[in-house]
Amino acid sequence: MAARRELIDAIPDRPNDTREVNRRTFLKAAALPCLAAGAADILAPALKGGGAAGQDDARFVVEAKFYEKLAHKKIKCKLCPRECVIDDRERGYCGVRENRGGTYYTLVHSRLVSAHVDPIEKKPFFHYLPGTLAFSIATAGCNVNCKMCQNWEISQVRPEQVRSTYAPPEKVAALAGQYKCSAIAYTYSEPIIFYEYMMDTARAGHEAGIKSVVVTGGYISQDPLKKLCVAVDAIKVDLKAFSEKYFKEVVNGELKPVLDALVTMRKLGMWSEIVYLVVPTLNDSDQELKALARWIKSDLGLDVPVHFSRFHPEYLLKNLPPTPLETLERAKAIADAEGLHYVYLGNVPGHPAENTYCPKCRRVVVERMGYIIKGIQIRKGKCQYCQQPIAGVWQT
Ligand code: SF4
């Protein structure tokens, strides 16, 4: 965890930062067992029988799928591009994978820390089964450390530091069915780091007739990504910026592997949408936004939905203001000018850029108000007015 510590220590001096770092450090040291107990609180009755588990519950520990054994009981994790090399009895950067005697294990299989029933629009997926519900789950952990993380209480902690509930894949699939969800969504923290649980749950979901959708930063290696694309139905990628500098300084990750992941998803026919959180002064220049839109156009095509989302001060970036509406509208105008077909604004309920417009006749084909669908004018995947195909997966 040394690299993560360094990132925290490297935060520039700003009025609020010291307070935030101290608060986080304090919480990590003293009080975390009570944090982020969404699953236990919201679905406790439903999960009874799966049940709360002790922190040393062996049911959470399953051999990892992507790693290489090295000399002297070391291993190299091959799940994400960080490729941690880990000594015996140590963990990788994400804190949820452990080397035990030269064998690598995930510690978070079936170790649920958060579960909610959300509109699928909240993920957001706008072109994937709109108006349906997603049974949304998470474990602790993440393979990056974004300074603006909204879910840092579960993403930036080790599994022992949050209350968890034992929820095996079949139980999750059954609950998703019980709550009339069209899909199970792997979300809130970073689902790549609970890859084995996600894959097993997607299989259980499919056996029960329920889809699987992934909400990720896209920082994943190619081999596990290709297998993931076979197992799930849609992936939303938080493309956090279009510069390596931002990824290095704000995310503690890399841009290139995320772009490679998006291209692979596209090639494999995976339905994908992109969210770009527009952070004032850090990733909102005309130059960066234009480069982003041009890359999407040339490498992914015009039909990938792009959501420019409003930033709210969070976690280690409380010194910045929320994204001005004019900035979001400027980002949309730049992407529209490049010809992208489906460009949305996020976190601005009631804005006309929440709607889907037919790229040919420009009429509204999906009308939204926040997460509520007010009308869908798509039949058999086509605009009801002019018969233009509308990219996506539609139930009408
Ligand atoms: S998944 Fe975790 S352990 Fe594996 S390389 Fe990524 S950060 Fe390291």
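We count ligands from 1, going down the list as the structure has it; atoms in each ligand are counted the same way. Below, each value reflects all heavy atoms present in this structure, side chains not excepted, and no hydrogens, waters or symmetry copies. Nothing fancy with the numbering, it's 1 onward along the sequence.
Not one N/O/S atom of Cys80, from backbone or side chain, sits under 2.8 Å from atom 4 (Fe) of ligand 1. Residue side and main chain included, Cys84 places an N/O/S atom under 2.8 Å of atom 8 (Fe) of ligand 1.
Annotation: Tyr357 is not in aromatic contact with Tyr342 [ring centroid separation under 6.0 Å not met]. Between Tyr344 and Phe126, the ring center distance clears the sub-6.0 Å criterion. When ring centroids are compared, Tyr128 and Trp271 stay outside the 6.0 Å threshold. For an aromatic pair to be called close, the ring centres must be under 6.0 Å apart, and His109 with Phe60 fails this. No close placement of the Tyr276 and His307 rings is indicated, their centers lying 6.0 Å or farther apart.
For Phe194, the heavy-atom gap to ligand 1 stays at 4.0 angstrom or more.
Against a heavy-atom cut-off of under 4.0 Å, Cys77 is close to the following atoms of ligand 1: 1 (S), 3 (S), 4 (Fe), 5 (S). If you number the atoms of ligand 1 from 1 as listed, the ones under 4.0 Å from a heavy atom of Gly92 come out as 3 (S). Close approach of ligand 1 to Tyr104 is summarised as follows: ligand atoms under 4.0 Å from at least one heavy atom of the residue are 3 (S).
Using a 4.0 Å cut-off between heavy atoms, Phe66 makes no contact with ligand 1 at all. Using a 4.0 Å cut-off between heavy atoms, Glu83 contacts ligand 1 through its backbone alone, with no side-chain atom that close.
Among all protein heavy atoms, the one lying closest to atom 2 (Fe) of ligand 1 is Cys94 SG, 2.4 Å.
Ile75 and Val62 sit in two unconnected hydrophobic clusters of ILVMFWY residues. Membership requires side-chain heavy atoms under 4.5 Å apart, directly or through other members.
Classification of Lys236 and Asp238 as a salt-bridged pair holds, one side-chain N sitting under 4.0 Å from a carboxylate O.
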